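Working notes for the structure below.
Computed from a predicted model, the values in this text were never measured in an experiment.
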Amino acid sequence: MRFDLAKTLLWASVIVILLFLFVPVAIIMVYAFSASNIQGWPIQSFSLQWFARTFADDEVRAALFLSVEVAVVATALAMLMGLLAALAVYRLRGPGSEAIAFAVVLPIALPGILTGMALNSYFVLWGINLSFWTIVIGHGTFCTVIVYNNVIARLRRLPPSWAEASGDLGAGPWRTFRLITLPMLGSALGAGALLAFALSFDEVIVTTFTAGAQTTLPLWIFGAIRLGQHLPEVNVVVCVVILLTILPVLLAQRLMGRAALLHK
Amino acid sequence: MRQSSEPAPLIRLSGVRKVFGGTAAIENLDLAIHAGEFFTFLGPSGSGKTTTLRIIAGFELPDAGTVALDGQDLSRLPPHKRDVNTVFQDYALFPHLTLLENVAYGLRAKKIPAKDAILRAEAALASVRLADFGARRPGQLSGGQRQRVALARAIVNRPRVLLLDEPLGALDLKLRHQMQVELKALQQQTGITFIYVTHDQDEALTMSDRIAVFNHGRVEQIASPWMLYEQPQTAFVAGFVGITNIIARDGTACALRPEKIRLLSPDAPAAGWETMPATIAAVSYLGMSTRFLLDCADGSRLTAVEQNMAHGAEAPRLAQGSPVLAAWSAEAPWPLAA
């Protein structure tokens with residue numbers, strides 16, 4: 001076989017990039033299984049003791065539950081708003097419709113620090129105490145966009161003849177939506193929700209500005225690292241966060257992939 | 001009872017106009033379609049035939065004019081309140097529903113009890129020879145099978161009018177010919193009025209009772225297949241339906257069909273015929289017939305077609321370069337509207 005320089009270089013660069021992206025993550029995950037409470041290389045002995053200790057830690061448990069609750073509620077809110085926004089923008093015609101379509105996706109392009117600050121001063125202005133619900137609202141901004149993006153992409157790929165056929169066969173608009181459009185959007189909505197959940201679950205910046213006394217899991221990690229405390233527990237928590245965010249993302253990809261096959 | 005020579009039409013379009021982005025897709029369209037007719041909209045793409053069908057279905061609202069079904073104005077009714085059904089070009093079967101659910105969809109939307117709907121849907125599937133396929137989904141079917149499901153899904157509702165938007169366009173030629181026969185038979189059995197959109201003139205001629213030829217958003221002629229072919233009113237109709245020669249006679253343009261031209265030897269007696277000396281410029285052997293391109297003495301060109309009636313052992317009579325006398329009866333050229 002002939003030596004192909006271009007191909008070899010491409011493969012080499014891919015491997016280097018993957019290492020660059022994943023070695024730090026891998027190191028943290030390995031540290032989580034270290035028996036020592038000091039992070040040092042090489043690792044002397046392995047154990048699961050930090051997993052046990054971390055799960056026994058009330059602070060960590062409370063943060064984990066809060067994060068899951070926030071992500072679930074923010075995702076539910078985002079599914080509703082993202083779906084409605086997508087349906088509305090899909091039907092919008094005429095002047096200004098493109099500007100509106102752009103405005104809907106703008107929050108994802110805005111730096112989190114802007115969104116966070118803006119929400120914070122808004123809440124302060126109206127005398128709203130920072131709480132669980134202010135975090136949910138903060139996460140709702142970008143989660144809605146994620147759901148919206150998934151749903152509108154699907155809507156634009158659906159042949160218009162399906163909804164027309166439903167109407168032609170005597171189904172009114174609501175029946176058509178319930179029996180045809182919504183099932184067709186189902187996997188896109190689900191995939192958007194999973195991505196939104198993953199994003200909400202590890203969000204730090206907006207949360208910093210919208211959380212009061214509450215500590216979500218990422219905020220707990222942030223605090224622990226800053227203070228240099230509980231570092232072994234941080235490693236364990238990071239492992240859990242990685243799992244809880246990667247799983248929904250993988251699921252979302254499978255959902256979209258299957259749907260693409262279905263609609264070919 | 002009022003007696004009239006002409007029964008009231010089932011569908012009447014009056015002065016219908018539809019504009020898309022500044023250009024008129026159809027312009028001042030009048031059309032009357034009678035109950036039980038197999039009526040075809042024939043025309044090139046962009047001629048307005050599909051837009052007209054979509055206006056009857058209710059997917060588009062006309063910018064002017066009215067659509068009446070049985071004397072009742074439908075123009076402003078949404079599709080689900082019209083007693084018409086459509087067979088879509090892409091079939092538009094619902095991919096997440098089984099075939100039985102697809103076919104029963106319209107019945108259920110009309111609040112027919114599930115039991116009856118299922119029985120009727122099963123019967124409709126059986127009538128298109130897909131009785132055992134009820135539990136499958138559209139993704140598991142061939143193109144021809146999907147086409148039949150789309151037909152069953154529309155017919156099962158027993159609509160007053162069935163609209164078919166190039167339903168055979170995606171099928172291969174052999175299947176298309178077979179389906180043409182089946183569609184015509186189905187129309188005659190059910191007695192449902194069919195409005196059929198196609199750009200394929202063979203399809204239109206094969207199936208239709210009457211054909212409306214569309215061009216640039218207008219109807220050029222409405223006639224039976226025979227009339228359309230033999231007595232085209234415009235050069236467009238003459239050229240779109242079959243192939244034709246346009247010859248000038250006494251200052252009027254006339255359509256002269258290639259098969260009406262006979263190719264005689266140059267010195268043959270041809271009393272009572274109109275004649276034109278010519279040489280053969282090209283020969284296309286088509287199996288059933290042979291097509292000749294003629295260079296005429298007056299500088300014009302004619303296309304002539306002859307049936308290959310000679311038996312197999314006989315050598316072809318005419319070749320490229322042969323001098324001939326093109327002849328046709330004086331009645332053959334059909335005068336076209338200016």
Exercise. Could you give all pairs that pass the salt bridge (Lys or Arg N to Asp or Glu O under 4.0 Å) test and reach residues 120-139 of chain B, with sequence neighbours left out?
Worked result: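 Only B:R129-B:E182 qualify under salt bridge (Lys or Arg N to Asp or Glu O under 4.0 Å).
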
Determine the minimum heavy-atom distance between [X] and [Y], stating which atoms define it.
X: B:K111; Y: A:R175; answer: NZ-NH1, 4.2 Å
X: B:P95; Y: A:M184; answer: CD-CE, 3.0 Å
X: B:D90; Y: A:S161; answer: OD2-OG, 2.8 Å

Exercise. Residue by residue, which of residues 51-75 of chain B have a heavy atom closer than 4.5 Å to a heavy atom belonging to chain A?
Worked result: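 B:R54, B:A57, B:F59, listed by number.
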
Picking from [options], which has the most non-hydrogen pairs under 4.5 angstrom with chain A?
options: B:P79, B:P159, B:G139, B:P78; answer: B:P79
options: B:N157, B:V84, B:T86; answer: B:T86
options: B:R82, B:R153, B:Q89, B:K81; answer: B:R153

Exercise. Side chain, backbone, both or neither: which part of B:N85 has a heavy atom under 4.5 Å from chain A?
Worked result: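 When you check distances to chain A, atoms from both the backbone and side chain of B:N85 fall under 4.5 Å.
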
Exercise. Which bit of B:L107 comes within less than 4.5 Å of chain A, counting heavy atoms only: side chain, backbone, both or neither?
Worked result: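 Looking at B:L107, nothing touches chain A.
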
For this session: Determine whether A:I180 and B:H96 make a side-chain contact, defined as any pair of heavy atoms from C-beta on separated by less than 4.5 Å.
Result: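 The answer is yes; the side chains approach within 4.5 Å.
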
For this session: Kindly indicate whether the side chain of B:H80, heavy atoms from C-beta on, has any atom under 4.5 Å from the side chain of A:S166.
Result: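 Result no, sub-4.5 Å side-chain heavy-atom pair not found.
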
Exercise answer: donor-acceptor pairs, residues 143-150 of chain A side-chain atoms, under 3.5 Å, sequence neighbours excluded:
residue: A:T144; atom: OG1; partner: A:G140; partner atom: O; Å: 2.6
residue: A:N150; atom: ND2; partner: A:I146; partner atom: O; Å: 3.1

Exercise. Quick one: CG on A:L169 to NZ on B:K110, what's the gap to the nearest 0.5 Å?
Worked result: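 One finds 6.5 Å between CG of A:L169 and NZ of B:K110.
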
Problem set entry | Reported CG-to-CG distance for the pair B:L97 and A:L179, which is rounded to 0.5 angstrom |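 With rounding to 0.5 Å, CG (B:L97) is 7.5 Å from CG (A:L179).
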
For [X], look at atom [atom1] and say whether over 12 heavy atoms of other residues, nucleotides or ligands are found less than 6.0 Å away.
X: A:F102; atom1: CZ; answer: no
X: A:E98; atom1: CD; answer: no
X: B:R158; atom1: CZ; answer: no

Problem set entry | Best-contacting candidate, A:P183, A:A163, A:G186, against chain B by heavy atom pairs under 4.5 angstrom |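 Heavy-atom pair counts peak at A:P183.
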
Problem set entry | Selection from A:P173, A:A171, A:P160 maximising heavy-atom pairs under 4.5 Å formed with chain B |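 Counting heavy-atom pairs under 4.5 Å, the top option is A:A171.
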
Exercise. In chain order, what residues pass the ring-ring contact (aromatic ring centres under 6.0 Å, His included) check against B:Y105, with sequence neighbours excluded?
Worked result: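 Per chain and number, B:Y105 pairs via ring-ring contact (aromatic ring centres under 6.0 Å, His included) with B:F94.
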
